[in-house]
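Here's the structure we're looking at; comments come further down.
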Amino acid sequence: MDSLNSLIDGFGTALTPMNLLWAAIGVLLGTAIGVLPGIGPAMAVALLLPVTYGLDPTGAFIMFAGIYYGAMFGGSTTSILLNTPGESAAVVAAIEGNPMAKGGRGAQALAAAAIGHFAGGMIGTILLVVLAPTVASLAIGIGAPDYFAIMVLAFIAVTSVLGASRIRGIASLLIGLTIGLVGLDQMTGQQRLTFGSLHLADGVDVVIVAVGLFAIGEALWVAAHLRRSTGKPIPVGRPWLGRTDLKRTWKPWLRGPVIGFPFGAIPAGGAEIPTFLSYVTEKRLSKHRDQFGKGAIEGVAGPEAAASASAAGTLVSMLTLGLPTTAVAAVMLAAFQQYGIQPGPLLFEREPELVWGLIASLFVGMVLLLALNLPLAPVWAKLLRIPRPYLYAGILFFAAVGAYAVGGESLDLVILLVIGLIGFGMRRYGLPVLPAVIGVILGPAAEQQLRRALQISDGSVTGLVNTPFSVTVYAIVVLIVAWPLIGRLIARLRGGRKTAEESRTVSGG
């Protein structure tokens, strides 16, 4: 009942004319940016982060939530129409959505995606309302060893799940942790990696790191591989679904959030895994398996609902534990820090108006998203015609303006370029960007919790594993690290049994 009353108060905040305007602007901007190939929600939020400094925190985060969900839907639009996912969560939508579009059913694919996002977002946000206060109340009793264990879990999970190899994931994390070391030691006041620069004594601003790695790095990468011709989008009419389509999609819309929400709430690499699992599940359960790969509408509906619910799940751990599990959550956590607000167990007590206004705005944003995107799908398709040189020149301009706005120092532009070149190098050698961003944000906090736990235990390492919670988390970490080895061992044992059975059959014959 407390959560319900708080949510009603949140609607009172979210439904004010100004906050409704910010939500609408966020959804509109997010969808427009998400449609453009290569620009995902993380880059959209990072680029617009400095622009919102003049807003009050509640209005800014309501706008960010709109951008997040809008960009996810926009990524699906370009994925379906052009076979070019606007962001990683929309990759699976292209498998069935693009064949549908080529077969003249692009309108139905877009409608299935839009309603899937709506259903997934609504169910995910309801679960957020139910679970977040409970998680926050449980998290109040978590101490320094437990927090350090959670952060180690986040580091290991993100580096294990993302990228072509674990080594590259760890290398990316180390880059982020190194950037996070720049500045003054929080406990001793000594300068670290500042090279004698007073400007670097405050550390490298997280906004500059996020914009540099995402926007500048991506723009440089695209410029290095720019093709002169752009793909031609497939024209679409007004999205609609017939009775047969609704019969085939309503169950995937409900199953998707069940898969997507838990993966969003735990540090497991974002929406990529649940969307793929949802696709596999729908393929196994479908009565129309022969259509998969040729344009099965279930393969669009389920993964899109899973992606949207996953986005709601990421807010649970971000708001209650201060733990970002995706790139967007990492950038939003940086935004909280810019406003002097620290997400965590006490956030629901200290900033109830902001938190519940943000959660209520998710419901409002979902309705706005559905209302805007069903009739505007043909308009978004036309945005795909923007030449990429103009598009990425604009991104570089806004990134530079945003970085300069952070501190008003020209040195910030140099730092932005250096970090952008690092982002370009990471893409060149296949290093995922997310572990680096999470390393920058969580690295200093993890160091502080580690040193605090060791101080409490008089320097004894056992102080890191002296609670049941921390022992449980480290057990999960060991399982994640050892799982590939266990998988290989099981495969070898199975292979050995098969060989033994074959030899028996041959000798018996």
Worksheet item: Can you check side-chain contact (heavy atoms from CB on, under 4.5 Å) on Val473 and Asp146, steps first, answer last?
Response: CA-CA 8 Å; Val473 173; Asp146 304 321; over 6 Å; no

So, does [X] use its side chain to make a donor-acceptor pair with the main chain of [Y] at under 3.5 Å?
{"X": "Thr472", "Y": "Pro468", "answer": "yes"}
{"X": "Ser278", "Y": "Gly302", "answer": "yes"}
{"X": "Ser460", "Y": "Ser457", "answer": "no"}
{"X": "Ser308", "Y": "Ala305", "answer": "no"}
{"X": "Thr178", "Y": "Leu174", "answer": "yes"}

Worksheet item: Restricting to pairs with a member in residues 437-448, which pass salt bridge (Lys or Arg N to Asp or Glu O under 4.0 Å), not counting sequence neighbours?
Response: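 Counting only pairs at least two positions apart or across chains, the salt bridge (Lys or Arg N to Asp or Glu O under 4.0 Å) contacts touching residues 437-448 are Arg192-Glu447, Glu447-Arg451.
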
Worksheet item: Who passes ring pair (Phe, Tyr, Trp, His ring centres under 6.0 Å) against Trp356, sequence neighbours left out?
Response: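 Partners of Trp356 under the ring pair (Phe, Tyr, Trp, His ring centres under 6.0 Å) test: Phe348.
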
Shortest non-hydrogen separation from [X] to [Y] and the atoms involved:
{"X": "Val465", "Y": "Val471", "answer": "O-CG2, 3.6 Å"}
{"X": "Leu177", "Y": "Gly439", "answer": "CD2-O, 3.6 Å"}
{"X": "Val27", "Y": "Gly365", "answer": "CG2-O, 3.9 Å"}
{"X": "Gly120", "Y": "Pro257", "answer": "CA-CG, 3.7 Å"}
{"X": "Ile175", "Y": "Ile422", "answer": "CG2-CG2, 4.0 Å"}
{"X": "Gly357", "Y": "Ala14", "answer": "O-CB, 3.7 Å"}

Worksheet item: Less than 4.5 Å apart, any side-chain heavy atom of Ile25 and any of Leu21?
Response: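 They are in contact (side-chain heavy atoms under 4.5 Å apart), so the answer is yes.
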
Worksheet item: Is the Phe11 ring parallel, tilted or perpendicular to the Phe363 ring (thresholds 30°, 60°)?
Response: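 Rings of Phe11 and Phe363: tilted, 30 to 60°.
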
